[in-house]
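Since the model is a prediction, treat every value here as computed from it, not as a measurement.
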Amino acid sequence: MTGTTGRVVLGGAVVDLYERDRLLATLADRLGGPPPPRPLAVASANLDHIHHFGARGAHRDVIDADAPDLEWLVLLDGAPLVHRSTVLTGRDWPLLAGSDLLPRILAAAEDAGATVGFLGGLPRTHAILGQVLAQRHSGLKVAGMWAPARAELGDPARAAALAGAIAATGVDLLVVSLGKPRQEQWIQRYARDSGARVLLAFGASADFLAGTARRAPGWVRRLRVEWLYRLVREPRRLARRYLVQGPPALRLLRTESRVSQS
């Protein structure tokens with residue numbers, strides 16, 4: 001992986017170890033340099049990621065670190081995974097949350113003259129997001145925002161047509177906010193068809209940027225218990241993820257983790 005400083009396997013899922021500045025430089029090169037031979041997909045690894053893509057995940061074959069037509073980069077985005085990586089490698093690693101990275105990546109895209117698109121979310125969020133981007137990134141070229149229904153994503157013909165419509169706009173950077181595992185599945189199948197150089201599987205990061213979803217206060221994030229803040233705010237939606245699926249994923253993190261030799 002270009003720019004990486006190593007890999008670990010966490011709960012059976014391959015994760016790339018990056019410092020923030022090196023990651024941003026890598027993405028800026030992808031967006032501003034010559035066309036890469038294959039698109040780069042960026043995902044975030046937390047316990048939910050291990051649940052879906054780890055050793056016992058139902059979708060563990062979706063993310064292939066050595067796929068010939070798509071390059072995956074999976075970042076540390078969960079305090080337990082950061083801690084386990086530190087134990088395995090003997091050095092500290094930063095938590096690289098998509099919601100923290102997205103504004104910086106958009107700034108890099110603006111500097112590179114890259115065209116950006118957003119896939120997923122609600123039309124009302126897109127309307128607000130467009131206003132926010134116009135204020136904060138006035139030079140950013142936004143090609144479009146797409147809010148497909150679940151039925152559209154599940155229909156191969158309509159999903160392929162959507163990827164073609166995105167490609168027709170000339171998008172270089174595509175922010176995919178469909179939730180795990182749907183966003184990673186869409187990227188794995190349609191990344192090349194979309195024409196994007198870089199695709200970000202960043203969940204609710206666009207909602208946070210638009211202000212339609214609220215992040216935890218800074219002191220909560222520093223204590224690395226943002227998951228608890230989100231659970232208290234949205235218990236019905238997140239209880240299963242954190243209280244049912246989370247503990248088995250944490251056990252996998254403890255038993256199925258190692259430094260990768262690749």
Do [X] and [Y] touch side chain to side chain, with heavy atoms closer than 4.5 Å?
X    : Y    : result
V8   : T89  : yes
P39  : R192 : yes
V62  : P181 : no
T212 : L129 : no
V142 : L140 : yes
L162 : L153 : yes
N46  : K180 : yes
L75  : L73  : yes

Looking only at atom types and distance, does a side-chain atom of [X] sit under 3.5 Å from a main-chain N or O of [Y], one as donor and one as acceptor?
X    : Y    : value
R60  : G57  : yes
S257 : G11  : yes
S138 : A134 : no
Q183 : G203 : yes

What's the separation between atom [atom1] in [X] and atom [atom2] in [Y], rounded to the nearest 0.5 Å?
X    : Y    : atom1 : atom2 : value
R233 : L238 : CZ    : CG    : 11.0 Å
L200 : F118 : CG    : CZ    : 9.0 Å
L23  : L101 : CG    : CG    : 6.0 Å
H83  : D92  : NE2   : CG    : 11.0 Å
L250 : L47  : CG    : CG    : 5.5 Å
D207 : S177 : CG    : OG    : 6.5 Å

Item to check | Residue pair L17, S85: steps toward the side chain to side chain contact (heavy atoms under 4.5 Å, CB included) verdict | outcome: CA-CA 8 Å; L17 300 175; S85 299; 4.0 Å; yes
Item to check | salt bridge (Lys or Arg N to Asp or Glu O under 4.0 Å) evaluation trace for R230 with E226 | outcome: CA-CA 6 Å; R230 295 187 66 193; E226 188 170 7; 5.9 Å; no
Closest heavy-atom contact between [X] and [Y]?
X    : Y    : value
A109 : L173 : CB-CD2, 4.1 Å
V82  : W93  : CG1-O, 3.2 Å
P94  : L76  : O-CB, 4.1 Å
F208 : S99  : CD1-CB, 3.6 Å
G98  : D77  : N-OD2, 4.0 Å
A201 : E184 : CB-OE2, 3.8 Å

Item to check | Residues R91 and E19 bridged, charged N to O under 4.0 Å | outcome: yes
Checklist entry - Would you call D16 and R7 a salt bridge, using N to O less than 4.0 angstrom? => result yes
Item to check | L122 reachable from W146 in the ILVMFWY side-chain graph, under 4.5 Å edges | outcome: no
Checklist entry - Is the number of heavy atoms from other residues, nucleotides or ligands under 6.0 Å of R240 CZ greater than 12? => result no
Item to check | R56 atom CZ, over 12 foreign heavy atoms within 6.0 Å | outcome: no
Checklist entry - Are Y18 and L96 close enough, and set up right, to give a side chain to side chain contact (heavy atoms under 4.5 Å, CB included), and what steps lead you there? => result CA-CA 9 Å; Y18 267 81; L96 299 175; 4.1 Å; yes
Checklist entry - Should R30 and E71 be marked as a salt bridge (Lys or Arg N to Asp or Glu O under 4.0 Å) after you check the CA-CA gap, both sets of side-chain angles, and the distance that decides it? => result CA-CA 12 Å; R30 287 294 186 117; E71 188 173 0; 2.3 Å; yes
Next on the checklist: I'd like to know whether L40 forms a side chain to side chain contact (heavy atoms under 4.5 Å, CB included) with V42, so could you lay out the CA-CA distance, the side-chain angles of the two residues, the decisive distance to 0.1 Å, and finally the verdict.
Outcome noted: CA-CA 7 Å; L40 173 64; V42 184; 4.3 Å; yes
Next on the checklist: Whether the H59 and Q185 side chains hold a donor-acceptor pair (N or O, under 3.5 Å, no angle test) is what I'd like checked.
Outcome noted: yes
Item to check | L133 and L106: CA distance, side-chain angles, deciding distance, side chain to side chain contact (heavy atoms under 4.5 Å, CB included) verdict | outcome: CA-CA 9 Å; L133 293 176; L106 293 177; 3.7 Å; yes
Checklist entry - Tell me the side chain to side chain donor-acceptor pair (under 3.5 Å) pairs involving residues 103-129, sequence neighbours left out? => result E110-H137
Checklist entry - Passes salt bridge (Lys or Arg N to Asp or Glu O under 4.0 Å), R197 versus D172? Steps please. => result CA-CA 5 Å; R197 297 181 177 212; D172 298 302; 3.8 Å; yes
